[in-house]
Structure formats: C-alpha cells, structure tokens
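See below for the structure under consideration.
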Amino acid sequence: MTPPAEAPIERHRLFRWSFFALFALTAWQCHLILANFYVALMGSGLLAVIVYPLHAALNRRCGGRPNLAAAVTTLGVALVVVLPTLFGGWVAAKQAAKIAPVVTEWLHSRGYAGGLPTADILPPRVMELWERAAGPLRERGVDPSAWLVSGVEDLSASMTGFAGSALRHVVFFLFQVAVLVFSLFFILRDGPKVFRRAVELIPLPEEHKATLVDRLSKTVSAVLRGIFVVAGVQGLLAAIGYWLFHVPFAVLLGALTAFMGPVPFVGTAAVWVPISVGMVLAGSVNNGLGVAVWCLVVVATTDNILRPILIGAEAKLPMLFLFFG
C-alpha cells in the first residue's frame with residue numbers, strides 16, 4: 001500500500017520545484033529586459049513618492065479621472081524638475097570637460113609644476129605649516145607637492161572623461177529620461193492599485209494594517225521630500241552664490257554641493273569651505289568671505305528651515321527628534 005500513497009507526494013514535489021524553477025527563469029529574464037532601465041525606473045519611483053500628495057489632491061479635483069491627473073502631474077514634474085535638471089546637468093558636464101586644462105594651467109602658473117608651492121601663493125604662516133608637514137614626508141622619499149599635483153590632475157582627468165562619456169551617450173541618456181517620464185505616468189496612475197493589492201497580503205488585522213500603512217507611507221514620502229527637495233534647493237542657492245562671488249564652474253560646484261547636502265555631519269560644507277578658503281589664499285579675500293557668509297546664512301539655514309517643515313508637518317514627528325535628526 002505504500003507506493004500508491006507516495007506517488008501523489010512525488011508529483012506534488014515535482015510540480016513545486018518546477019514552479020520555482022520557472023519562476024526563477026522568468027525573474028531572470030525580466031532582469032535582463034529591465035537591466036538597462038533600473039536607474040530610470042528608480043528615479044520615476046522616487047519622483048512618484050515625492051509628488052504623490054500633490055497628485056492625490058489633483059486627482060480629487062479632476063473628479064477621480066486617473067489618466068488626466070497622472071498626465072497633468074507628469075507634465076508638471078517634467079517641466080519643473082526634469083527639464084531644469086537636464087539643463088543644469090548639461091552645463092555642469094560642459095564645465096567638467098573644461099576643468100582639467102584650467103586646473104593644470106593654474107597649477108603650472110602658480111609654481112606647482114612638480115616642485116614646492118611658492119611663497120606668492122600661500123601666506124607665510126600657511127607656508128610654514130606646509131614646510132613642517134612636508135618635511136617628514138620628504139625624508140622618506142615622498143614629495144607631497146608632486147603627489148598633490150598628480151592627484152588634482154587625475155581627478156580632473158576623471159571628471160573630464162565622465163563628462164565626455166555623458167556627452168557621447170547623450171542619445172541613450174535622453175532615452176532614459178523618456179523612460180523615466182513614461183514610467184512616472186503609469187506609476188502615478190496604477191501605483192495606488194498595486195500598492196493596495198500588496199497591502200492585502202500583509203497578515204495583520206485590517207484596522208492595524210490601515211494605521212501602519214498610512215503612517216509608513218506618509219513618513220517615507222516626507223523623509224524623501226526632506227532629503228531630495230532640500231538638497232536641490234541648497235545646490236541651486238549655492239550655485240547662485242558661487243556665481244555672485246565669481247567662483248569658476250559655479251554650476252558644477254552647485255551640483256556637487258547638492259550631492260553632498262544629504263551627507264551627515266559634513267553636508268554642503270565639504271564643498272563651500274574649501275572654495276572659500278582657496279579663494280582667500282589665492283588673494284580674493286572679499287569673494288572668499290562672501291562665499292562663506294552666503295553659504296552659512298542662506299544655504300545652511302535652508303536645511304534647518306525646510307527640512308523640519310517638509311518632514312515634520314507630514315510625518316508629525318516631534319520637533320525635538322527632528323532637531324537631533
């Protein structure tokens with residue numbers, strides 16, 4: 001009697017393993033299809049989460065017509081976010097392509113052509129500190145000036161190569177942007193339905209599930225807005241300040257400031273402090289101090305004002321926690 005009882009079990013096990021094998025194969029094929037579009041899909045997902053409260057309000061005003069609401073929201077995001085970002089990225093890429101020859105020419109003109117920095121570049125006190133720090137290294141056969149020149153030139157060459165690559169692949173990049181905008185429309189239109197279907201799979205009572213999902217969605221949306229919106233505003237304000245005080249490559253440095261904005265403890269100071277110090281050491285004292293004052297008063301204050309508003313008002317987190325955050 002044993003063999004007949006084991007046959008259905010074996011068939012069930014075979015079916016189960018066949019199902020998982022086909023599922024893994026299908027998932028792998030989907031990965032191969034979408035591999036070139038993960039960045040665009042991730043960007044559209046982030047934008048959808050950030051702008052969804054505005055989209056939900058617009059959807060209510062449109063009388064529950066999801067196609068119209070998603071189209072208007074997508075068009076607004078494209079005009080307000082995507083196109084200005086593309087323009088700023090294009091200008092930053094052009095400036096990055098020019099930075100290598102400019103930096104190299106400045107280094108050679110200022111006495112960095114493989115030797116020590118000359119006294120006309122650095123103040124006497126800074127020159128004395130440089131000598132004290134460089135002395136032990138030279139005794140071990142390490143030339144800090146040559147290392148500095150090599151590092152700056154390698155960094156400039158890397159940035160130039162990245163900018164050149166971006167310009168050469170501009171058609172593919174524009175196609176990725178089109179995929180981002182196209183995906184954003186469908187995520188805004190169909191995302192709530194998919195999200196509700198996924199929530200139904202959570203093994204919790206309905207009342208607890210609704211409260212948890214509502215709090216989680218609002219908190220995630222608020223935190224993402226607090227990170228990316230504040231970083232974008234800080235980068236824009238920093239670029240304006242760099243331009244006002246005659247800092248070269250203002251757009252490129254503004255983009256770098258926005259990139260460093262969300263980094264804890266360091267933030268935008270990782271960009272504007274070296275710029276300010278470098279301008280003061282190069283003799284442009286007023287512009288260097290102007291950059292420092294602008295970034296301290298305008299750029300840094302923006303973070304302290306906008307982030308609690310964007311995060312605290314939506315997520316309803318206590319101001320004390322937001323302050324330490």
Side-chain angles (χ1 to χ4, degrees), residues 1-53 55-56 59 64-67 69-71 73-74 77-78 81-82 85-86 89 161-162 165-166 168-225 227-228 259 262-263 315:
M1 299 297 294
T2 303
E6 290 182 353
I9 297 177
E10 292 296 331
R11 285 197 298 268
H12 177 72
R13 185 178 300 171
L14 178 62
F15 172 79
R16 182 176 59 187
W17 285 108
S18 300
F19 170 79
F20 282 113
L22 290 175
F23 178 79
L25 178 61
T26 304
W28 175 250
Q29 293 298 322
C30 291
H31 162 71
L32 294 179
I33 293 173
L34 300 176
N36 293 324
F37 307 106
Y38 281 149
V39 175
L41 292 174
M42 183 178 297
S44 61
L46 288 175
L47 287 174
V49 172
I50 292 172
V51 304
Y52 184 76
H55 170 70
N59 192 24
R65 289 179 286 181
N67 287 321
T73 305
T74 302
V77 171
V81 179
V82 177
T85 302
L86 284 177
F162 175 77
S165 177
R168 286 194 302 270
H169 298 86
V170 65
V171 175
F172 179 74
F173 180 75
L174 292 177
F175 180 71
Q176 291 274 24
V177 173
V179 171
L180 184 148
V181 175
F182 183 78
S183 303
L184 178 62
F185 170 82
F186 287 98
I187 292 175
L188 290 173
R189 191 191 70 174
D190 303 326
K193 298 179 183 178
V194 177
F195 184 72
R196 284 194 296 268
R197 294 285 181 86
V199 169
E200 292 176 358
L201 301 177
I202 300 176
L204 287 175
E206 289 299 326
E207 61 275 12
H208 296 166
K209 187 189 305 185
T211 303
L212 176 64
V213 170
D214 179 70
R215 176 62 60 197
L216 182 62
S217 60
K218 288 183 178 180
T219 302
V220 171
S221 176
V223 170
L224 288 178
R225 287 201 302 274
I227 292 174
F228 291 102
F259 178 79
V263 178

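Position 1 is the first residue of the sequence, and the numbers go up from there. Hydrogens, waters and symmetry mates play no part in the numbers below; they use all other heavy atoms, side chains included.
Across all non-hydrogen atoms, the minimal contact from S44 to L180 is CB-O, 3.5 Å. Between T73 and H55, the shortest heavy-atom contact is OG1-ND1, 3.0 Å. When all heavy atoms of T85 and V81 are compared, the closest pair comes out as OG1-O, 2.6 Å.
Residues satisfying the side chain to side chain contact (heavy atoms under 4.5 Å, CB included) test with F186, not counting sequence neighbours, are F182, R189, D190.
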Check: residues 22-40 side-chain donor-acceptor pairs under 3.5 Å, at least two apart:
| from | atom 1 | to | atom 2 | distance (Å) |
| --- | --- | --- | --- | --- |
| T26 | OG1 | L22 | O | 2.8 |
| H31 | ND1 | Y38 | OH | 3.0 |

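In this structure, the separation between CG on N67 and CZ on F185 is 4.5 Å, given to the nearest 0.5 Å. Note that CE of M42 and OG of S183 are 12.5 Å apart. Values are rounded to the nearest 0.5 Å. In this structure, the separation between CG on L46 and CZ on F228 is 5.0 Å, given to the nearest 0.5 Å.
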